[in-house]
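All values derive from a computational prediction rather than experimental measurement.
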Amino acid sequence: MSAKVRLYVEHPLGAGQSVPLDRDQAHYLFGVMRLQAGARVALFNGRDGEWQTVVVEAGKRSGLLQCEEQSKPLQMPPDLWLLFAPIKKARTDFIVEKAAEMGAARILPVGTDFTNSERVRRDRLQAHAVEAAEQCGGTYVPEVDDLQKLSRLLDHWPDERQLMFCDEAEVGNALELYGQQHENAPWAILIGPEGGFSETERKRLHAMAQSHVVSLGPRILRADTAAVAAMTLWQKALGDW
């Protein structure tokens, strides 16, 4: 019988491996989900694939699971970064969740000239990425970086990483995502803030050799909608869909 509950853990996973649970995990499995000894739980840690485990000990504050067999191998996403300017709390959470579901390997909040939010809680966003992976059946969890200035990130941009620059100034122009010659290269997608990019940022991004300017259709999209649309276009053209 397959497990009905999936849980992300930090602990190594392997045949016969015992996995101790912390207080929060024990509360979720035994207090919220009402599992008991003998129940099955699917575990993944982002490194060893997904494993079917059985509950050996079930307590209010702790517990112990034992790995029985691997049910999924580790499935790595494409080498794709998502760069986005944080917006309102719930919509920033949405961007992180959807990026994890859609196959981003790394999520980078960036501060732009017109970014409204100057602070993000990386631990909270990382928790949303974990939850998204738990719910969508993924075996990999993308790392969420601390907020950093876009200009500083571009100062040290890797030569080989291509950049899909979603420029709202190109709305209405039927531009396509070209670059099939770069399909095996590492990539990144850049989504701007609600106020758009400044002229200084736009000129710098257009001048980058790695930059591929794209339009996301004839209408200006909200930042959270743009992130989903851009990842869909990239995955269809160059990703693992």
Side-chain angles (χ1 to χ4, degrees), residues 1-77 82 84 86-109 117 119-147 222-225 227-228 231:
M1 181 183 296
S2 297
K4 295 182 179 179
V5 178
R6 291 185 88 238
L7 187 66
Y8 174 81
V9 295
E10 297 284 352
H11 203 275
L13 302 174
Q17 177 74 55
S18 295
V19 182
L21 301 176
D22 62 28
R23 183 170 183 169
D24 290 341
Q25 292 166 337
H27 172 71
Y28 172 69
L29 292 181
F30 311 133
V32 178
M33 301 306 296
R34 303 294 183 181
L35 300 185
Q36 298 178 352
R40 296 175 68 84
V41 180
L43 298 184
F44 70 103
N45 59 9
R47 304 182 303 276
D48 301 318
E50 178 189 90
W51 283 79
Q52 296 293 315
T53 71
V54 63
V55 178
V56 177
E57 298 176 10
K60 291 183 178 180
R61 295 182 175 85
S62 63
L64 187 68
L65 309 181
Q66 186 172 41
C67 296
E68 292 189 329
E69 60 182 0
Q70 189 182 58
S71 46
K72 290 181 183 178
L74 176 63
Q75 183 181 18
M76 295 294 293
L82 176 66
F84 74 98
I87 45 180
K88 292 181 180 179
K89 180 180 176 181
R91 290 166 62 195
T92 292
D93 295 345
F94 176 88
I95 291 175
V96 171
E97 290 167 1
K98 298 312 167 189
E101 289 180 30
M102 298 180 72
R106 186 179 173 191
I107 301 171
L108 299 90
S117 177
R119 295 181 61 188
V120 297
R121 280 190 54 191
R122 194 202 68 81
D123 59 338
R124 183 175 59 81
L125 295 181
Q126 188 67 64
H128 280 290
V130 168
E131 183 178 350
E134 288 176 340
Q135 294 180 354
C136 75
T139 56
Y140 175 85
V141 179
E143 179 181 357
V144 181
D145 284 24
D146 287 318
L147 179 70
R222 293 194 340 176
D224 47 347
T225 307
V228 173
M231 287 202 65

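- With sequence neighbours excluded, the residues forming a salt bridge (Lys or Arg N to Asp or Glu O under 4.0 Å) with D224 are R91, R222, listed by chain and number.
- Considering every non-hydrogen atom in both E68 and V54, the closest pair reads OE2-CG1, 3.7 Å.
- Closest approach of Q25 and V9 over heavy atoms only: NE2-CG1, 3.8 Å.
- Of all the heavy atoms in A26 and G63, the pair that sits closest is CB-N, 4.3 Å.
- In this structure, R122 CZ and D145 CG are separated by 8.0 Å, a value rounded to the nearest 0.5 Å.
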task = Test W51 against N45 for side chain to side chain contact (heavy atoms under 4.5 Å, CB included), laying out the working first.
result = CA-CA 9 Å; W51 283 79; N45 59 9; over 6 Å; no
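- Taking all atoms of both residues into account, the shortest heavy-atom contact from G16 to Q66 is O-NE2, 3.6 Å.
- The salt bridge (Lys or Arg N to Asp or Glu O under 4.0 Å) test applied to R121 returns D123, not counting sequence neighbours.
- In the displayed structure, R61 atom CZ is contacted under 6.0 Å by at most 12 heavy atoms of other residues, nucleotides or ligands.
- Residues E50 and T139 bring no donor and acceptor atom of their side chains to less than 3.5 Å of each other.
- L65 contributes atom CG, which lies 4.5 Å from atom OG1 of T53 (distance to the nearest 0.5 angstrom).
- Distance check, rounded to the nearest 0.5 Å: NE2 of H128 to NZ of K98 gives 12.0 Å.
- Around atom CZ of R23, no more than 12 heavy atoms belonging to other residues, nucleotides or ligands sit under 6.0 Å away.
- Nearest heavy-atom pair, A37 versus A58, reported as atom, atom and distance to 0.1 Å: N-CB, 4.2 Å.
- The nearest pair of heavy atoms linking P12 to V19 is O-CG2, 4.3 Å.
- When the shell of 6.0 Å around NE2 of H27 is examined, it contains 12 or fewer heavy atoms from other residues, nucleotides or ligands.
- Within a 6.0 Å radius of NZ in K89, no more than 12 heavy atoms belonging to other residues, nucleotides or ligands are found.
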